[in-house]
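Remember, predicted model here, so these are calculated numbers, not experimental data.
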Amino acid sequence: MLHKLLGLLLLSSAFTFAQAPAIPDTPAGHALAAWLDAFNNGDRGKIEAYIKKYDPSENADGMMGFHNQTGGFNLLSIDSSQPLVIKFHVREKNGTTVALGSLNIKEATAGTVENLGLRAIPPGAKEEDITLDAARRKAVIDGAIAQLKENYIYSDGAQKMADAVLAHEKAGDYDKITDGSTFATKLTDDMRAVSHDRHLHVNYAPFKIPPEHESGPSPEDEARFRKELEHQNCGWDKVEILPGNIGYVKFDEFAPPEWCGSTVVAAMGFLAHTGAIIFDLRQNGGGDPKMVDMVVSYLFDKETHINDLYYRHGDKTTQYWTLPYVPGTRLATQPVYVLTSKRTFSGGEEFCYDLKTQKRATLVGETTGGGAHPVSGHRIDDHFQIGVPEGRPINPVTQKDWEGTGVEPDVAVKADDALTTAEKLAGDKLREAREKESKKEGKKDQ
């Protein structure tokens, strides 16, 4: 699950620690050593071997992308160690970000990782990794349930999740959990077991979470977030022209257009004269709906109603249409292919669904992850937050969304084979167009 934590490593810190310590000779220690070795090496073969032996839920592309972002990690300290649990600090090699990590093993003989989590320590924050007791667990449960009932998109779904968590509490399933990160993961799993909503999550912070502000993040936090996005080129990893004048672009998130719109304009300008375009969203985890709207707008030559978002609070619906103006040249005539995988999620799926329902693109790859609901974070107490899905898309063509089902590809192949397949499809399409044009010219000459 490490790929889900990229967004947490956005803040810098100037913590200092002693020279890298020895890793304990325990099942959890062995897994940590194996992860650090594979992750820091950045070699796909090593990463795949680690995943196969220790963490089958992980993904090689996700780990390699995270490695490229961070440059790997230096182990700074081992904070606590038990046979199946180990806590530690790391610092990313490409920057000064320091994070607190925890690794849990399911059971000693298999050595399989149950949870590997990293949480960045914000600048100036005082670490406070608390130990939970019965009263604290109950307060967190009550706070999480209150947020669900007030904000979750489906009120009946909120009640079902509340009932499930309370049943687990009554059965004593939480009684032995004293670690905050473990408790947050358990609550998330129990809520998702009922709702199957992958946007819903409970998070634990080993420091005091600042109070919520109605105005949103502070200017300082926004500045740090923007700087990190720019350091990552706003998630746009690659733009190139493949043989046959086929444009290819890979981007892994939809960052806010007010910060990253210029990146999109530059990429689309580079692709303006290609014969076909391949969008690689196999690692795209979503982002800002306004950026989805901006990118989609380049692919249409007239205003088109592509999506609505309904929010429970205020019983309001926001419509999304392609933009009447985009800088540069539109790419409204080129055949479009979108590469998908089971890791394509949220806003990445909306991009796929918008284009598929408008018959503007051919999707190639795997059925996507199945997360449609926009989510907002809410503070439970000083150390716990809950992300509550508060809205749902309504597609103007189908009147539905992709929650729980994902978006099915038009051409189903393994994610690893999607690019090769799309290149062939695009090449065949362009060749057919050239042959048709050649025949038309030949008739004119007769």
Side-chain angles (χ1 to χ4, degrees), residues 1-21 23 31-51 54-55 57-79 86-104 113 115-123 125 127 181 203-207 221 223-238 250-255 259-260 263 280 282-287 343 345:
M1 298 191 291
L2 190 59
H3 63 282
K4 300 176 183 177
L5 302 164
L6 300 184
L8 299 175
L9 293 175
L10 300 176
L11 306 175
S12 300
S13 180
F15 287 68
T16 57
F17 292 82
Q19 189 174 356
I23 298 176
L32 175 60
W35 172 69
L36 283 170
D37 179 56
F39 185 79
N40 287 343
N41 184 278
D43 176 75
R44 175 176 284 274
K46 275 201 164 191
I47 287 174
E48 289 177 344
Y50 162 80
I51 290 172
Y54 290 99
D55 195 352
S57 67
E58 254 299 345
N59 172 270
D61 287 334
M63 284 185 67
M64 290 183 70
F66 195 23
H67 166 85
N68 293 337
Q69 176 189 334
T70 61
F73 290 108
N74 290 316
L75 180 65
L76 302 177
S77 67
I78 299 294
D79 306 314
I86 190 167
K87 292 191 174 184
F88 54 93
H89 278 84
V90 291
R91 177 187 286 119
E92 66 167 302
K93 295 183 178 182
N94 281 351
T96 58
T97 300
V98 171
L100 174 65
S102 63
L103 185 150
N104 296 58
V113 174
N115 182 58
L116 171 58
L118 295 174
R119 186 65 189 250
I121 309 299
E127 289 192 50
S181 180
N203 287 335
Y204 167 76
F207 50 83
D221 286 342
R224 282 191 290 268
F225 183 39
R226 181 171 184 172
K227 183 178 180 180
E228 183 66 23
L229 281 173
E230 291 172 348
H231 176 69
Q232 300 169 24
N233 199 39
C234 294
W236 289 63
D237 291 343
K238 184 182 292 187
K250 180 181 185 297
F251 57 104
D252 296 341
E253 63 181 296
F254 289 91
W259 296 343
C260 294
T263 303
D280 190 343
R282 287 176 291 181
Q283 297 297 321
N284 193 297
R343 300 175 74 84
F345 193 66

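Here the closest heavy-atom approach between residue T263 and residue C234 is recorded as OG1-SG, 3.7 Å. Of all heavy-atom pairs spanning H89 and L75, the tightest one is O-CD1, 3.5 Å. When all heavy atoms of A99 and L118 are compared, the closest pair comes out as CB-CB, 4.4 Å. Scanning both residues, F88 and L116, for their nearest heavy atoms gives CZ-CD1, 4.1 Å. Contact detail for A31 and V113: the closest heavy-atom pair is CB-CG2, 4.1 Å. Contact between E253 and W236 at its shortest, heavy atoms only, is O-NE1, 4.3 Å.
The backbone N or O of A205 sits nowhere less than 3.5 Å from a side-chain atom of N203 that would complete a donor-acceptor pair.
Atom NZ of K93 sits in a crowded spot, with more than 12 heavy atoms from other residues, nucleotides or ligands closer than 6.0 Å.
Residues D237 and N68 have side chains not in contact (no heavy-atom distance under 4.5 Å, counting atoms from C-beta outward). The side-chain heavy atoms of Q232 and D252, taken from C-beta on, include no pair separated by under 4.5 Å. Between N94 and T70 the shortest side-chain heavy-atom distance does not fall below 4.5 Å. Put simply, the side chain of Y204 does not reach to within 4.5 Å of the side chain of R119, judged on heavy atoms. Side chains of Q69 and E228 form a contact here, defined as non-hydrogen atoms less than 4.5 Å apart.
A salt bridge links E230 with R226: the distance from a Lys NZ or Arg NE/NH1/NH2 to an Asp or Glu carboxylate oxygen falls below 4.0 Å.
The line from NZ of K238 to CG of N233 is 13.5 Å long, rounded to the nearest 0.5 Å. Note that the CD atom of Q283 and the CG atom of N59 stand 5.0 Å from one another [nearest 0.5 Å]. Going from atom CG of L229 over to atom SG of C260 covers 5.0 Å, rounded to the nearest 0.5 Å. How far CG of L32 is from CD1 of I23: 4.5 Å, rounded to the nearest 0.5 Å. Taking CD1 of I78 as the start and NZ of K87 as the end, the distance is 12.5 Å to the nearest 0.5 Å.
By the side chain to side chain donor-acceptor pair (under 3.5 Å) test, N284 is found to be paired with no residue, residues two or more places apart in sequence or in another chain being considered. Here K46 pairs with D37 under the side chain to side chain donor-acceptor pair (under 3.5 Å) rule; sequence neighbours left out.
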side-chain contact (heavy atoms from CB on, under 4.5 Å) evaluation trace for D61 with R343: CA-CA 10 Å; D61 287 334; R343 300 175 74 84; 6.0 Å; no

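Classification of the W35-F39 ring pair by plane angle, with boundaries at 30° and 60°, yields parallel. Note on ring orientation: taking the six-membered ring where Trp is involved, the planes of F73 and F66 are perpendicular (angle over 60°, cut-offs 30° and 60°).
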